[in-house]
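Right, one structure below, let's go through it.
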Protein chains: 2
Amino acid sequence: MFKQHNKIQVALVDDHPTLMEGLKAILVSNLNVDIAGCFVTGQDMLNYLGLNRVDIVLLDIALPDINGIALCQEIKKKAPDTVILVFSNHSERSIIMQTIQNGASGYLLKNTSLDELRSSIHDVLEGKVVFSKEVQEIISRPSKNELQGPPRLTRREKQVIELLSEGKTSLRIAEELSVSALTIDTHRRNLMQKFAVKNTAELIKAAMLHRLI
Amino acid sequence: MFKQHNKIQVALVDDHPTLMEGLKAILVSNLNVDIAGCFVTGQDMLNYLGLNRVDIVLLDIALPDINGIALCQEIKKKAPDTVILVFSNHSERSIIMQTIQNGASGYLLKNTSLDELRSSIHDVLEGKVVFSKEVQEIISRPSKNELQGPPRLTRREKQVIELLSEGKTSLRIAEELSVSALTIDTHRRNLMQKFAVKNTAELIKAAMLHRLI
DNA sequence: ATGGATATCCCCAAATACCAGTAGAAAAAA
DNA sequence: TTTTTTCTACTGGTATTTGGGGATATCCAT
């Protein structure tokens, strides 16, 4: 009733004009959609999103102003119903995971076939979560690095790092675990060695990246 | 040549015997597969996996010995080609994301329809990544909680916290940003106030929880 | 233009963390 | 039951952070 456009409203965000032209052409000629807007920066896109309906955003990870992952977050914050389909060259697993983490409904590599592109757009609009073939492989094959990444921590070390992350000092932790503060110091040193980091800040970061906290 | 079984080898891991029976029945009557084994504990499953070929594992998140997320990791470490399909009651977004993070190729809720179950198994075996309808919705709709909440940081503060998380000291950061170390100290104090934390460890943790790093 | 937030700089003292090495006892794994 | 790992504790340092104060200049918005 209040909709001004019956067609699906698509927004593109990418800083490659040529590629964007191609996308545009493919979209209008193959799917019954409106190109609501093409944006080079994330900010432009967000501004537009504040005022207009957008059903689906096709976006690149590499943008001039903010990175695509943060942009996903912003988009979902502003318009939870807008579907995000990432269209990018980045094939690193962690990047893929992060975009999904932040609300993207799909991830395609830029070398995706036209067929795949068409069907993906169709599918995400129906609420599906889609990945292009290559991306599926990447997801299914976590690298050795990502799997073996977290150093094996002993029970004690896990306790210590947990308490550390709660902002407690060695002394407090020592009291809590009823051991000497010197012992806690040793645990900390061992932890830092295992993670190959220089101080607690980095240690906590590493541990969280590996989801050990 | 060395394969003793031509049929797809399926392993089930779950601590609900009844449900497992049902699964078994559905699988053998609908798909041309062998039930290689049914396991109640993750350890049993891993032991079996060390000695036998398993093409696909259907697994629950809640297990008596280890949690399903860690098990995904172990499975992928031991047998990268074994496909993991999670079949669980847990509908929390973070759990879903973590299983995928750790190598699962799909996630179904236990109330999934038989059709969906059949087609999902079929699809993951072809290398696809599949989610049941409900799961897709969960993925596409990150909770407010996950998106919102972080204190507003100034540009400088973001820089500082970023560098802090890389294990740099105030002095180093000061050099890098060409300001006095005292300034950095102030930023740190302000950051800690904003996050209402006591020290750097907790600060990094909080910042990471809010995905500011 | 007056407040508010930001960014910068300063001092001091106590608390805490970090570095490097060693080593015995307890627990777990082979 | 060996062997290995983990937990524990110590010495003796240096470096860094933290918490308590303040202060000035700029930019931004009401």
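Convention: sequence-line order gives letters A, B, ...; per-chain numbering from 1.
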Flag side-chain contact, heavy atom, 4.5 Å: A:Met45 against A:Ile75:
yes
Walking DNA chain D from its 5' end, the first of A:Lys194 and A:Leu182 to be reached, judged by nearest nucleotide, is A:Lys194
Length of the CZ-C1' vector between A:Arg155 and C:dA27, whole Å:
9 Å
Expressed in angstrom and rounded to an integer, what is the separation of B:His187 atom NE2 from D:dT17 atom C1'?
16 Å
Could a donor-acceptor pair under 3.5 angstrom be found where the side chain of B:Thr186 meets the base of C:dC9?
yes
Whole-Å distance separating the CG atom of B:Asn190 from the C1' atom of C:dG4:
14 Å
Measure all distances between protein nitrogen or oxygen atoms and nitrogen or oxygen atoms of nucleotides 17-20 of chain C, and list the pairs falling under 3.5 Å.
{"from": "C:dA17", "atom 1": "OP1", "to": "A:Arg188", "atom 2": "NH1", "distance (Å)": "3.4"}
{"from": "C:dA17", "atom 1": "OP2", "to": "A:Ser170", "atom 2": "N", "distance (Å)": "3.0"}
{"from": "C:dA17", "atom 1": "OP2", "to": "A:Ser170", "atom 2": "OG", "distance (Å)": "3.4"}
{"from": "C:dC18", "atom 1": "OP1", "to": "A:Thr200", "atom 2": "N", "distance (Å)": "3.0"}
{"from": "C:dC18", "atom 1": "OP1", "to": "A:Thr200", "atom 2": "OG1", "distance (Å)": "3.3"}
{"from": "C:dC18", "atom 1": "OP2", "to": "A:Arg188", "atom 2": "NH2", "distance (Å)": "2.9"}
{"from": "C:dC18", "atom 1": "OP2", "to": "A:Thr200", "atom 2": "OG1", "distance (Å)": "2.6"}

4.5 Å side-chain heavy-atom contact, B:Leu27 and B:Leu58
yes
For the residue pair A:Asp34 / A:Gln9, report whether a side-chain donor-acceptor contact shorter than 3.5 Å exists.
yes
Test: B:Asp60 and B:Lys110 ion pair at under 4.0 Å:
yes
For A:Gln159 and D:dT6, what is the distance between atoms CD and P respectively, to the nearest whole Å?
14 Å
Would you kindly give the CZ-to-P distance between A:Arg172 and D:dT18, to the nearest whole Å?
16 Å
Report, as yes or no, whether the 6.0 Å neighbourhood of atom CD on A:Gln159 holds more than 12 heavy atoms from other residues, nucleotides or ligands.
yes
Aromatic plane relationship, A:Phe131 with B:Phe131 - under 30° parallel, 30 to 60° tilted, over 60° perpendicular
perpendicular
Sugar-phosphate only, base, or nothing, as touched by B:Thr154 at under 4.0 Å among non-hydrogen atoms:
sugar-phosphate
Could you check how far CZ of A:Arg152 sits from P of C:dA28, rounded to whole Å?
16 Å
Apply salt bridge (charged side-chain N to carboxylate O under 4.0 Å, His left out) to the pair A:Lys205 and A:Glu202, showing each step before the final yes or no.
CA-CA 5 Å; A:Lys205 178 187 165 195; A:Glu202 219 183 340; over 6 Å; no
Quick one: B:Ile184 CD1 to D:dT18 C1', roughly how many Å, whole number?
15 Å
In whole angstroms, the gap separating C1' of D:dT17 from CD1 of B:Ile173 amounts to 12 Å
Is the phosphate of D:dC10 approached by A:Thr183 (side-chain N or O, under 4.0 Å from OP1 or OP2)?
no
